[in-house]
Amino acid sequence: MSDTDSGAPAGAPGHARHKSNLLRSVLIAVVALAVFGAALWYVGGVDYVMGLLGGGKPATAPATAAKPAAPAAASASAFKLPAGVDEMLAKRMYVEQLESSKNLSRLADGSANRFVINRVDATDSTATISLTAFFKDGTSAPGVMYLVKRSDAWYFMAIGGMNLPNATGLAGGVGTAGSTEIVESDVLDVAEGMKEAGIKTFDTGVINSMLSQQTVNQPMLKEIVAGTYTTYEFGAPSIGTGTVTVPVTLKGKSGDSAKGEIVLIKSTIDSHDFTFLTTFKKQ
């Protein structure tokens with residue numbers, strides 16, 4: 001080394017390069033630590049690294065970055081469920097009424113004159129009411145009405161006929177529908193019912209009306225299950241805006257009677273017309 005090199009001043013180019021290289025090294029180290037920190041967070045933090053090193057929990061790095069949870073479906077979030085009724089039951093009730101619509105329309109248009117209750121089979125959570133429906137053309141047909149119970153409240157599920165092969169007139173158009181086998185019911189059952197009805201939409205307005213009206217109007221439903229009245233005579237329907245109100249005279253075996261009404265909703269869903277029963281009300 002020459003005397004000139006050994007006596008270079010502090011501000012000489014060689015010393016400046018040395019400081020520049022040192023600064024660059026520090027910056028690279030900082031960036032590397034930042035990248036390592038980000039990677040550490042992305043793959044699961046210290047637990048993941050410990051797994052790689054043989055300590056802590058096993059290393060299970062996620063395949064992709066976590067995504068925000070998808071928002072709940074609008075129809076589900078709009079349900080107003082009373083105590084004891086979950087979303088699946090609400091949807092099942094809706095599907096059962098879709099399948100009962102043809103029979104419910106007989107009440108709405110005044111074709112049905114009278115129901116006579118023949119038998120009630122009830123448990124703590126379900127009721128099957130065997131009945132005979134009489135129509136204004138003089139024909140009659142056996143049928144069955146299904147109800148379910150949740151938190152001490154009864155809810156109408158469906159009404160169907162026996163579809164007898166020799167039935168004529170209005171009795172010949174009675175459709176089969178309904179079941180109280182809701183324990184085995186799941187999303188596939190509901191989807192199949194929607195498919196058979198030819199619709200994809202859950203009308204939450206209709207569903208909420210069915211649930212709310214039946215929750216607050218329990219006396220007639222409870223008396224149907226108890227067998228208090230055995231004959232239900234229907235008067236002339238009163239047409240409202242999207243609704244039909246049918247007066248009912250209830251008669252028991254002992255001769256006692258009471259007045260009530262049922263309320264139905266007519267709704268067009270996915271270009272199909274349906275009739276739903278929302279209310280059993282004793283006056």
Side-chain angles (χ1 to χ4, degrees), residues 75-76 78-101 103-108 112 115 117 120-129 131 133 143-160 177-183 185 190 193 202-229 232 234-235 237-238 240-250 258-267 269 274-283:
S75 61
F79 288 146
K80 298 178 181 178
L81 303 173
V85 177
D86 59 20
E87 182 184 326
M88 182 55 64
L89 177 57
K91 289 181 176 180
R92 172 67 185 273
M93 292 167 72
Y94 177 72
V95 169
E96 293 286 0
Q97 287 221 30
L98 291 175
E99 296 174 351
S100 302
S101 180
N103 299 325
L104 294 174
S105 67
R106 299 293 178 82
L107 291 170
F115 285 171
I117 306 301
V120 177
D121 295 302
T123 69
D124 290 339
S125 59
T126 65
T128 301
I129 293 95
L131 57 86
V144 60
M145 185 162 55
Y146 301 94
L147 288 81
V148 295
K149 185 180 182 182
R150 292 294 184 272
S151 295
D152 201 40
W154 285 99
Y155 296 93
F156 170 77
M157 288 279 286
I159 184 167
S179 172
T180 54
E181 296 176 359
I182 59 173
V183 176
S185 178
V190 170
F202 287 99
D203 190 320
T204 53
V206 168
I207 294 172
N208 289 338
S209 181
M210 290 190 299
L211 293 173
S212 63
Q213 289 301 311
Q214 292 183 51
T215 299
V216 300
N217 291 290
Q218 281 290 302
M220 188 188 297
L221 287 164
K222 289 182 176 181
E223 288 167 350
I224 289 173
V225 177
T228 304
Y229 300 102
Y232 294 77
F234 306 112
S238 176
T241 304
T243 64
V244 179
T245 301
V246 181
V248 183
T249 300
L250 300 78
K259 297 290 185 181
E261 64 182 25
I262 60 174
V263 180
L264 304 105
I265 292 178
K266 286 186 169 293
S267 182
I269 304 171
F274 294 99
T275 302
F276 300 89
L277 199 162
T278 65
T279 310
F280 292 83
K281 186 176 182 180
K282 188 176 180 182
Q283 296 175 340

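Along the sequence shown, the residues carry numbers beginning at 1.
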Donor-acceptor pair, Ser238 side chain versus Thr245 backbone, under 3.5 Å? no

Any ion pair linking Asp86 and Arg92 (charged N to carboxylate O, less than 4.0 Å)? no

Could you tell me the separation between the CZ atom of Phe202 and the CD1 atom of Ile269, rounded to the nearest 0.5 Å? 10.5 Å

Is any side-chain heavy atom of Leu89 closer than 4.5 Å to one of Arg150? yes

Verify, without hydrogens or angle tests, whether Glu261 (side chain) and Gln283 (backbone) share a donor-acceptor contact under 3.5 angstrom. no

Any side-chain heavy-atom pair from Phe115 and Val248 closer than 4.5 angstrom? no

Reported CZ-to-CH2 distance for the pair Phe280 and Trp154, which is rounded to 0.5 angstrom: 12.5 Å

Would you give the length of the straight line joining atom CE of Met210 to atom OH of Tyr94, rounded to the nearest 0.5 angstrom? 8.0 Å

Could you pull out all residues at least two apart from Tyr232 that satisfy ring-ring contact (aromatic ring centres under 6.0 Å, His included)? none

Min side-chain heavy-atom separation Lys149-Val225 under 4.5 Å: no

Heavy-atom closest contact (Lys282 atom, Ala258 atom, distance): CE-CB, 3.7 Å

So which heavy atom on Gly235 is nearest to which on Val246, and how close? O-CG1, 3.7 Å

Which atoms form the tightest heavy-atom contact between Gln214 and Phe156, and what is the distance? OE1-N, 2.6 Å

Heavy-atom closest contact (Thr279 atom, Gln213 atom, distance): OG1-CB, 3.3 Å

Inter- and intrachain pairs under salt bridge (charged side-chain N to carboxylate O under 4.0 Å, His left out), touching residues 204-217, at least two apart: none

To the nearest 0.5 Å, atom CG of Leu264 lies from atom CZ of Arg106 at 14.0 Å

Salt bridge (charged side-chain N to carboxylate O under 4.0 Å, His left out) pairs, two or more places apart, involving residues 204-218: none

How many angstroms lie between atom CE of Met88 and atom CE of Met93, to the nearest 0.5 angstrom? 14.0 Å

How about Phe276 and Ser209: do any of their side-chain heavy atoms sit closer than 4.5 Å? no

Taking every non-hydrogen atom, the tightest pair across Val144 and Leu131: N-CG, 4.3 Å

With side chains defined as the heavy atoms from C-beta onward, is the minimum distance between Ile265 and Phe274 less than 4.5 Å? no

Kindly indicate, with the supporting measurements, whether the criterion side-chain contact (heavy atoms from CB on, under 4.5 Å) is fulfilled by Leu211 and Lys80. CA-CA 8 Å; Leu211 293 173; Lys80 298 178 181 178; over 6 Å; no

Less than 3.5 Å apart, any donor N or O on the side chain of Lys259 or Thr249 sitting next to an acceptor on the other? yes

Without swapping roles, check the side chain of Asn103 against the backbone of Ala158 for a donor-acceptor pair under 3.5 Å. no

Closest approach of Met157 and Val148, non-hydrogen atoms and distance? CG-CG1, 3.6 Å

Would you give the length of the straight line joining atom CD of Gln218 to atom CG of Asp152, rounded to the nearest 0.5 angstrom? 7.5 Å

Looking at side-chain heavy atoms only, is the closest gap between Tyr229 and Met220 below 4.5 Å? no

Residue pair Lys266 / Thr275, side-chain heavy-atom distance below 4.5 Å: yes

Should we count NZ of Lys281 as having more than 12 external heavy atoms under 6.0 Å? no

